[in-house]
2 protein chains.
Amino acid sequence: MRDDDAVFNALADGSRRELLDRLYARDGQTLRELTAGLQMSRQAVSRHLGVLEGAELVVTRRSGREKFHFLNPVPIQLIHDRWIDKYTERPVTALVDLKTELEQRHDLIDPP
Amino acid sequence: MRDDDAVFNALADGSRRELLDRLYARDGQTLRELTAGLQMSRQAVSRHLGVLEGAELVVTRRSGREKFHFLNPVPIQLIHDRWIDKYTERPVTALVDLKTELEQRHDLIDPP
DNA sequence: TTGACAGGCAACAATTTTGTTGCCTATTCT
DNA sequence: AGAATAGGCAACAAAATTGTTGCCTGTCAA
């Protein structure tokens, strides 16, 4: 359950979302490839990838001196299942008239 | 597009997700009601709600000296549409054999 | 075997976040 | 009018994030 934390946290950063986008465009890139074009040092990118890896949004495999990064859709799927659905399936309560709210509230104190 | 940032950021914090959960359980609560039971000062909760409001995840309405907070599912719906779908619809590329990757790669250098 | 390349680790600084306390205004109730 | 209640604002401290630089190990290739 506190798994969500790592995932949401990882997704909260724009640079990390961009890294996911880059992997979406081409899966299995190395650290160097992912760094190219980004205005960040290799080390910074490495740490971002570390966060994504910690959240299991990215899975890696090392081969020789290279490390390949792959998207893992599972955590996003989980977030989707146990979070997004919950809030999007519910009727649009924000449109409930405040008047109704207040009436219900006052009924508890002043029954009609 | 950089709207996502506010939403992801707001969702990144566990306390804020708990506030959303509380509103999910009962919509239209006041600041005091939302604070009750949380181990945080009213001001801290107020700032969290401010972040949620900034991301439009929560909509408020003031009546007299009370401020009522309502869930707004729209931003989550947007995230869902333009983000979650993208990553969950794609086939599970993480299961692509690295061997294939490497072969493709080496084909570029050492054509068979 | 020597040099170039891929990546990891650690120390550091700058910035942001999170929560606290203290004090203020506005509204409601007696 | 006076007291209690709901909430807002600002200053502050502690902690976490983000990026940098410097240096190290392991791998590949000439």
Side-chain angles (χ1 to χ4, degrees), chain A residues 2 5-20 22-23 28-55 57-70 98 101-102 105-106 108-110, chain B residues 2 5-20 22-23 26 28-55 57-70 98 101-103 105-106 108-110:
Chain A
R2 272 295 143 276
D5 220 82
V7 179
F8 277 119
N9 214 4
L11 290 176
D13 186 275
S15 303
R16 287 195 285 270
R17 290 200 303 279
E18 185 171 349
L19 285 170
L20 291 181
R22 282 167 167 256
L23 285 179
Q29 296 186 64
T30 66
L31 171 57
R32 300 270 169 180
E33 288 172 323
L34 287 168
T35 301
L38 287 187
Q39 283 188 324
M40 250 188 306
S41 68
R42 172 179 56 86
Q43 285 85 345
V45 175
S46 174
R47 291 180 68 177
H48 280 304
L49 287 170
V51 174
L52 290 170
E53 211 175 329
L57 284 161
V58 162
V59 173
T60 64
R61 212 173 295 187
R62 188 119 191 214
S63 168
R65 61 181 166 178
E66 292 176 301
K67 190 176 184 182
F68 301 95
H69 300 77
F70 301 90
L98 177 61
E101 269 292 312
L102 293 176
R105 227 162 250 276
H106 290 145
L108 297 175
I109 309 167
D110 284 322
Chain B
R2 273 295 143 274
D5 219 81
V7 179
F8 277 120
N9 213 8
L11 291 175
D13 186 275
S15 302
R16 286 195 284 269
R17 290 201 303 279
E18 185 171 349
L19 284 171
L20 291 181
R22 282 167 167 253
L23 284 178
R26 187 160 71 80
Q29 296 186 64
T30 67
L31 171 57
R32 299 272 168 177
E33 289 172 324
L34 288 167
T35 302
L38 288 187
Q39 282 189 325
M40 250 187 305
S41 67
R42 172 180 56 85
Q43 285 85 345
V45 175
S46 173
R47 290 181 67 174
H48 279 305
L49 287 171
V51 174
L52 290 170
E53 212 175 327
L57 284 161
V58 162
V59 172
T60 64
R61 211 173 293 187
R62 188 119 191 216
S63 167
R65 61 180 168 181
E66 293 177 300
K67 189 176 185 181
F68 300 95
H69 300 76
F70 301 90
L98 178 59
E101 268 291 314
L102 292 177
E103 281 167 358
R105 227 163 250 275
H106 290 145
L108 298 175
I109 310 166
D110 284 326

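Proteins get letters first, then strands, A, B, ... in listed order; numbering begins at 1 in each.
Between B:D13 atom CG and C:dT16 atom C1' there is a gap of 13 Å when expressed in whole angstrom units. Per the geometry, CZ belonging to B:F68 stands 8 Å off P belonging to D:dG7, to the nearest Å. B:E33 places its CD atom 15 Å from the P atom of D:dT5, with the value rounded to the nearest Å. Protein atom CG of A:N9 is 13 Å distant from nucleotide atom C1' of C:dT16, rounded to whole Å. Distance CG (A:L34) to C1' (C:dG7): 13 Å, rounded to an integer number of Å. For A:E66 and D:dC28, the CD to C1' distance is 10 Å, given to the nearest whole Å. Taking atom CG of residue A:L31 and atom P of nucleotide C:dG8, one finds them 6 Å apart after rounding to whole Å. Going from atom CG of A:D5 over to atom C1' of D:dA16 covers 13 Å, rounded to whole Å.
Residue B:R32 has a polar side-chain atom (N or O) positioned under 4.0 Å from OP1 or OP2 of D:dG7. The side chain of B:S46 places no N or O atom within less than 4.0 Å of a non-bridging phosphate oxygen (OP1 or OP2) of D:dG7. The side chain of B:R16 places an N or O atom within less than 4.0 Å of a non-bridging phosphate oxygen (OP1 or OP2) of C:dT18.
Under the side chain to side chain contact (heavy atoms under 4.5 Å, CB included) criterion, B:R47 pairs with no residue at all, not counting sequence neighbours. Considering only residues two or more places apart in sequence or on other chains, B:R22 meets the salt bridge (Lys or Arg N to Asp or Glu O under 4.0 Å) condition with B:E18. With sequence neighbours excluded, the residues satisfying side chain to side chain contact (heavy atoms under 4.5 Å, CB included) with B:A55 are B:A6, B:V7, B:A10, B:L57. Looking at residues two or more places apart in sequence or on another chain, you find a side chain to side chain contact (heavy atoms under 4.5 Å, CB included) between A:T60 and A:E53, A:V58, A:K67, A:H69. Partners of A:S41 according to the side chain to side chain contact (heavy atoms under 4.5 Å, CB included) rule, which considers only residues two or more places apart in sequence or in another chain, are A:Q43, A:A44.
In terms of position along DNA chain D, the nucleotide closest to B:H69 lies nearer the 5' end than the nucleotide closest to the other residue of the pair A:V51 and B:H69.
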| said: Generate the contact string for nucleotides 20-27 of chain C. Rules: B means base contact, S means sugar-phosphate contact only, - means no protein heavy atom under 4.0 Å. | reply: BBB----B
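Here the closest heavy-atom approach between residue A:R16 and residue A:L52 is recorded as O-CD1, 3.9 Å. Nearest approach of A:F68 to A:G28, heavy atoms of both residues: CD2-O, 3.2 Å.
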